[in-house]
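Below is one structure; the comments refer to it alone.
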Amino acid sequence: MQLTLKQIAEHVGGRVIGDPDAQVSGLGSLDNAVEGEIIFLANPKHADKVRSSRATAVIMPAGANCYGKNVIETKNPHLAFAKVLALFHDQTTHFKGVMEGAFVSPEAALGRDVTIYPGVYIAAGVTIGDRVVLHPGVVLYEGASLGDDVTLHANVSIRERCRIGSRVIIHNGTVIGSDGFGYVPEGKKHFKIPQVGIVVIEDDVEIGANSTVDRATLDITRIGRGTKIDNLVQIGHNCTIGEDSVIVSQVGISGSTTIGRNVTIGGQAALAGQLEVGDNIVLAGRAGVTNDMKEPGVFSGLPAIPHRDWLKSSIIFTKLPEMKNTVAKLEKRIAELEKQIASHGQQ
Amino acid sequence: MQLTLKQIAEHVGGRVIGDPDAQVSGLGSLDNAVEGEIIFLANPKHADKVRSSRATAVIMPAGANCYGKNVIETKNPHLAFAKVLALFHDQTTHFKGVMEGAFVSPEAALGRDVTIYPGVYIAAGVTIGDRVVLHPGVVLYEGASLGDDVTLHANVSIRERCRIGSRVIIHNGTVIGSDGFGYVPEGKKHFKIPQVGIVVIEDDVEIGANSTVDRATLDITRIGRGTKIDNLVQIGHNCTIGEDSVIVSQVGISGSTTIGRNVTIGGQAALAGQLEVGDNIVLAGRAGVTNDMKEPGVFSGLPAIPHRDWLKSSIIFTKLPEMKNTVAKLEKRIAELEKQIASHGQQ
Amino acid sequence: MQLTLKQIAEHVGGRVIGDPDAQVSGLGSLDNAVEGEIIFLANPKHADKVRSSRATAVIMPAGANCYGKNVIETKNPHLAFAKVLALFHDQTTHFKGVMEGAFVSPEAALGRDVTIYPGVYIAAGVTIGDRVVLHPGVVLYEGASLGDDVTLHANVSIRERCRIGSRVIIHNGTVIGSDGFGYVPEGKKHFKIPQVGIVVIEDDVEIGANSTVDRATLDITRIGRGTKIDNLVQIGHNCTIGEDSVIVSQVGISGSTTIGRNVTIGGQAALAGQLEVGDNIVLAGRAGVTNDMKEPGVFSGLPAIPHRDWLKSSIIFTKLPEMKNTVAKLEKRIAELEKQIASHGQQ
């Protein structure tokens, strides 16, 4: 695939500086681009890499030094870069139908133009939309449903009756709808609470590899439209995640916690159960939330506090031995003063 | 399935207040129950939801306000709820035998009334009890054994010679018996220590999705009877977990650590290797254990200390900048006092 | 398999004390060895277990008390033990070819003496070296390549075009080459950045179960030769891990971070993105790295500081309530002194 710089600029709503007819055959990285490729500069600190790059053109913000390269100027080079990448790497898969070695229940309903690889298992009562791609080892339990344009990578499980929206992508090994972790003590033993609810994954959600989203005890565990979840994330039963939120790798969210829209949760952060976290909140990596949070802001630490405060406390933490010494010295100086005052008094 | 309130009360050992012949067709949640459903109230703070619920009946502790609803009164509404849920959602699966597309070694021994889905692989020397259900993608390596009434969900692996007891449930993607993480330095390289021990999972254990339990170097990694393990948990080689313990999601337990009975380990907690943790200990979420623990109690923090102490220290942590200011001010006041005393002395 | 003590000693470069013709049939643990087995003593604190063991012989360092047992004396008993274990548990698998129920594209190229179990899926353009073992449920996407002597355990996925070196072992459920977690904000929505790079796993790497290594956005996510990675580890897109490093369970490494050689990263540690971590650095369990690190050393805490300093601060953390009390008392004593001084001045 070859595109002119002009074509690319139009696609991303940018402006060409240099040769609009320059041919571009793909995207390259700042470090490794070769002739014919286009690169992008988001961070001015790497500007000198533009100079030394062999790339044919560069996507950059207005006013940046292009070192004589062909340029597509745009307000948001990062977004433009992503759009050009999508343009060159059109993921349209040619539909292959139900391949030999896939197991499809006669009581399942499949949409048009699907691709079902060998080793897929589709139980009775499953419904699947159009243009769905199921990679090998995908298992759809009874009554699961998938919308249109869903891609499930190898070894993904969708458990009983869970519902997946349209344009959802789930990466390898992720499990949707395993039982929530619920037991009631009965003496020293643990009586299992049947987990008979479901999971609903709304449209345009993407979930990484080897993550787990537990089905509700009753009702629904819900992942809101457009939310993006990374690898190895745990979402407990009866959680609700709002729309357009972002959950980074290895986050753990305990049961029955509700999270708002446009929330960002950094890697390894954790939330206790039965909490409410409002819209637009940012939890830094490894934040630990143990109380409801309403006001937007950036929060860190366990228990989570405003990030700036946490930073200050963290720096002092590293100097606690010093502070302890200071306090000990003050104590001595005070004792000395007290002695002196006492002797003054006696005089 | 329809049951009368009286039948349900008998099943859970409770007492009916209201109409014993009221028909119940299932369980509902406080928020979403419809007519014909029974709900349960554990937390009095949600009592007003009982009033507005359309449920036909409610399971509650003696003395709670039932707002005129039919009631099953019981000491432990949560347990009663779980039992009624189990009653309505009887998980008995109708046995389907070895389905086409499953690979069963002629040298494996299967019990009666098993269900082996397509895409299951059973190696030579495997033994399987009665009424076992193996979902698609389950892989049993050579010599693995399963007791009666075991359910392994899709894509679970049981590695070579590992032994699973009866009534064990393992959710999707979990790996039992992968190699322990053991190497010996040989210069700058790492010489792999063969991991030739096994894992033993005792009766009535349940393990969530995408967890990993490593095989022992020699001997056995053991999960005790009745212990419940959540998703994405790591159990290192040669660990022993006692009976009826509870391990929440994303916990990591390093090699050769021994944990007692009725221990509860909160989410993301971690234990260093070669430790002993006694019975009835509770580790709060993200606790980090680096020393043996004998006395029961609740522990938090890294290193783990009694939870109350940790809470106090954590609160002060958030106020360290304040404390630092206080100390700095004291220092100035002392210097001022010292100056005054000195000038007094000189008078 | 039976070996004489003399044969074993020669294999590990050790010296026999006692009967060189004693027959050994396997390795035993200090606790459970039986007659005919050889044990090893690394930690002198367990020396009394040698006395009570029924083992036929013991591998130990020069000068240790052997309590009359046959001994192989060696500088590094742990390494010798590993080598003897490898000797007794030769993992050579007898090649079984492509078994019925495996799906191999006619456009894939397989080496000699491979073992491809039922339920494996091999896409077009895949190349596989000699003596490769692919367990059931392994999925190799288009264009993936494996070197010689690779073992992929059940349900491992190797995504599009990723390259695995020789003698690599990957345990069950691990995912190589799922999409990196990359989005650009477009209003409140998240525009997916196509992830079109690959993962390269170099020779002699071992990766545990249910870990995830994301493909690069462009270019390569690289795991260096000889590096060992445990279970449930997350490696972000465009990371580079140096040679002979060790990454323990549940570690998370954010995107574009570069890690040197012979680095050790303890369990649950985390590294922010776009960092550089030099050679020979040791991160303790749950360390959190937010800045570049160059100098070797052992580091702990979030943010990570030298381990000794962190230990000191951590101990003081547990005593913060005490320190707070001390400061409050000092404040009172100072106020008292100030009063006294003031009254002195007035006299």
Side-chain angles (χ1 to χ4, degrees), chain A residues 101 103 119 121 137 139 141 155 157 159 173-175 178-179 181-186 188-194 196-197 210-212 214 217-219 232 234 236 250 252 254 268 270 272 288 290 301-303 305 309-310 312-313 316-317 320 323 326-327 330 333-334 336-337 340-341 344, chain B residues 27-29 31-32 76 78-79 81-83 85-86 88-89 91 100-101 117-119 135-137 153-155 169 171-173 204 206 208-210 226 228 230-232 243-244 246 248-250 261-262 267-268 285-286 314 317-321 323-324 327 330-331 334 337-338 341 344-345:
Chain A
F103 301 84
Y121 178 83
V139 178
Y141 282 62
N155 301 322
S157 294
R159 293 280 299 264
T174 284
V175 178
S178 43
D179 282 4
F181 195 63
Y183 304 89
V184 192
E186 187 177 27
K188 292 201 163 181
K189 298 195 175 179
H190 306 286
F191 187 91
K192 179 176 173 67
I193 305 172
V196 306
N210 285 346
S211 286
T212 56
D214 279 351
T217 307
L218 301 168
D219 300 342
L232 293 168
Q234 152 74 358
Q250 296 181 323
S254 301
Q268 294 191 347
T290 55
L302 168 63
I305 57 174
D309 296 338
W310 178 82
K312 284 179 197 163
S313 284
I316 298 173
F317 172 86
L320 280 179
M323 190 192 285
T326 302
V327 170
L330 293 186
R333 285 163 68 184
I334 289 170
E336 175 62 24
L337 285 170
Q340 291 182 6
I341 292 276
H344 268 286
Chain B
L27 283 278
S29 66
D31 289 324
N32 300 319
N76 188 341
H78 205 168
L79 179 59
F81 165 78
K83 287 188 169 175
L85 204 44
F88 276 104
H89 294 269
Q91 302 267 335
E100 199 188 325
Y117 280 91
H135 286 271
H153 280 282
N155 301 324
I169 302 169
H171 291 274
N172 310 56
D204 299 304
E206 181 165 7
N210 285 347
K228 311 299 183 187
D230 200 350
N231 301 338
L232 294 169
E243 300 182 356
D244 294 319
V246 170
V248 178
S249 181
Q250 297 181 323
R261 297 178 180 207
N262 285 289
Q268 294 191 348
R286 209 178 277 164
S314 293
F317 172 86
T318 67
K319 296 177 179 165
L320 280 179
M323 189 191 286
K324 198 188 167 191
V327 169
L330 294 185
E331 201 162 12
I334 290 170
L337 285 170
E338 286 168 340
I341 291 275
H344 269 286

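Just the heavy atoms: all of them, side chains too, but no hydrogens, waters or symmetry mates, feed the values below.
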Task: Proximity breakdown for Leu232(A) and chain B, heavy-atom pairs closer than 4.5 Å - done: both
Task: Interface residue of largest heavy-atom contact number with chain A, from Lys228(B), Arg261(B), Lys319(B), under 4.5 Å - done: Lys228(B)
- [ ] Would you check if there is a donor-acceptor pair between the side chains of His135(B) and Tyr121(A) at a distance under 3.5 Å?
- [x] no
Task: Contacting region of Gln250(B) [heavy-atom separation from chain A under 4.5 Å] - done: side chain
Open item on the list: Between Gln268(B) and chain A, with a heavy-atom cut-off of 4.5 Å, which part of the residue counts as in contact: side chain, backbone, both or neither?
Closed with: side chain
- [ ] Just give me the residue among Gly28(B), Ser249(B), Gly208(B) that pairs up with chain A most often, heavy atom to heavy atom, under 4.5 Å.
- [x] Ser249(B)
- [ ] Name the option with the most non-hydrogen atom pairs under 4.5 Å to chain A; the candidates are Val327(B), Leu337(B), Asn231(B).
- [x] Asn231(B)
Task: Which portion of Asn172(B) sits near chain A, non-hydrogen atoms under 4.5 angstrom - done: both
Task: Side chain / backbone / both / neither for Glu243(B) at chain A, heavy atoms under 4.5 Å - done: neither
Task: Side chain / backbone / both / neither for Phe88(B) at chain A, heavy atoms under 4.5 Å - done: neither
Open item on the list: Whether the side chain of Ser313(A) engages the backbone of Phe317(B) through a donor-acceptor N/O pair (distance < 3.5 Å, no angle test) should be reported.
Closed with: yes
TODO: Below 4.5 Å from any heavy atom of chain B, which atoms of Asp219(A) appear? Answer side chain, backbone, both or neither.
DONE: side chain
TODO: State, with a plain yes or no, whether a side-chain heavy atom of Met323(B) is found less than 4.5 Å away from one of Met323(A).
DONE: yes
Task: Crowding at NZ, Lys192(A) (>12 non-hydrogen neighbours, <6.0 Å) - done: yes
Task: Residue Ser29(B) versus chain A: region with a heavy atom under 4.5 Å - done: both
Open item on the list: Counting only non-hydrogen atoms closer than 4.5 Å, does Leu320(A) touch chain B with its backbone (N, CA, C, O), its side chain (CB onward), both, or neither?
Closed with: side chain
TODO: Mind ranking Ala270(A), Gly288(A), Ser254(A) by heavy-atom pairs under 4.5 Å with chain B and telling me who comes out on top?
DONE: Ala270(A)
Open item on the list: Under a 4.5 Å cutoff for heavy-atom pairs, which residue among Leu330(B), Val248(B), Val246(B) has the most contacts with chain A?
Closed with: Val246(B)
Open item on the list: I want to check something: taking the side chain as every heavy atom from C-beta on, are Leu85(B) and Thr217(A) in contact at a cut-off of under 4.5 Å?
Closed with: yes
Open item on the list: Tell me if a side-chain donor or acceptor on Asn210(B) pairs with a main-chain N or O of Val175(A) at a distance below 3.5 Å.
Closed with: no
- [ ] Heavy-atom distances under 4.5 Å only: say whether Thr290(A) touches chain B with side chain, backbone, both or neither.
- [x] neither
- [ ] Verify, without hydrogens or angle tests, whether Tyr141(A) (side chain) and Ala154(B) (backbone) share a donor-acceptor contact under 3.5 angstrom.
- [x] yes
Task: Contact origin within Ser314(B) toward chain A - heavy atom pairs under 4.5 Å - done: side chain
Task: Selection from Gly137(B), Pro118(B), Gly101(B), Gly267(B) maximising heavy-atom pairs under 4.5 Å formed with chain A - done: Pro118(B)
TODO: Determine, for Asp204(B) against Lys189(A), whether the closest basic-nitrogen to carboxylate-oxygen distance falls under 4.0 angstrom.
DONE: no
Task: Least distance between heavy atoms, Ser178(A) atom then Asp214(A) atom - done: OG-OD1, 2.9 Å
Task: Structural part of Ile193(A) lying under 4.5 Å from a heavy atom of chain B - done: both
- [ ] Against chain A, label Asp230(B) side chain, backbone, both or neither, depending on which of its atoms sit under 4.5 Å from a heavy atom there.
- [x] both
Open item on the list: So Asp309(A) and Thr318(B), do their side chains get closer than 4.5 Å, heavy atoms only?
Closed with: no
Open item on the list: So, using ring pair (Phe, Tyr, Trp, His ring centres under 6.0 Å) as the criterion, who are the partners of Phe181(A) when residues are at least two apart?
Closed with: Tyr183(A)
Open item on the list: Holding to ring pair (Phe, Tyr, Trp, His ring centres under 6.0 Å), I want the full list of residues that pass it with His78(B), two or more places apart in sequence or in another chain.
Closed with: Phe40(B)
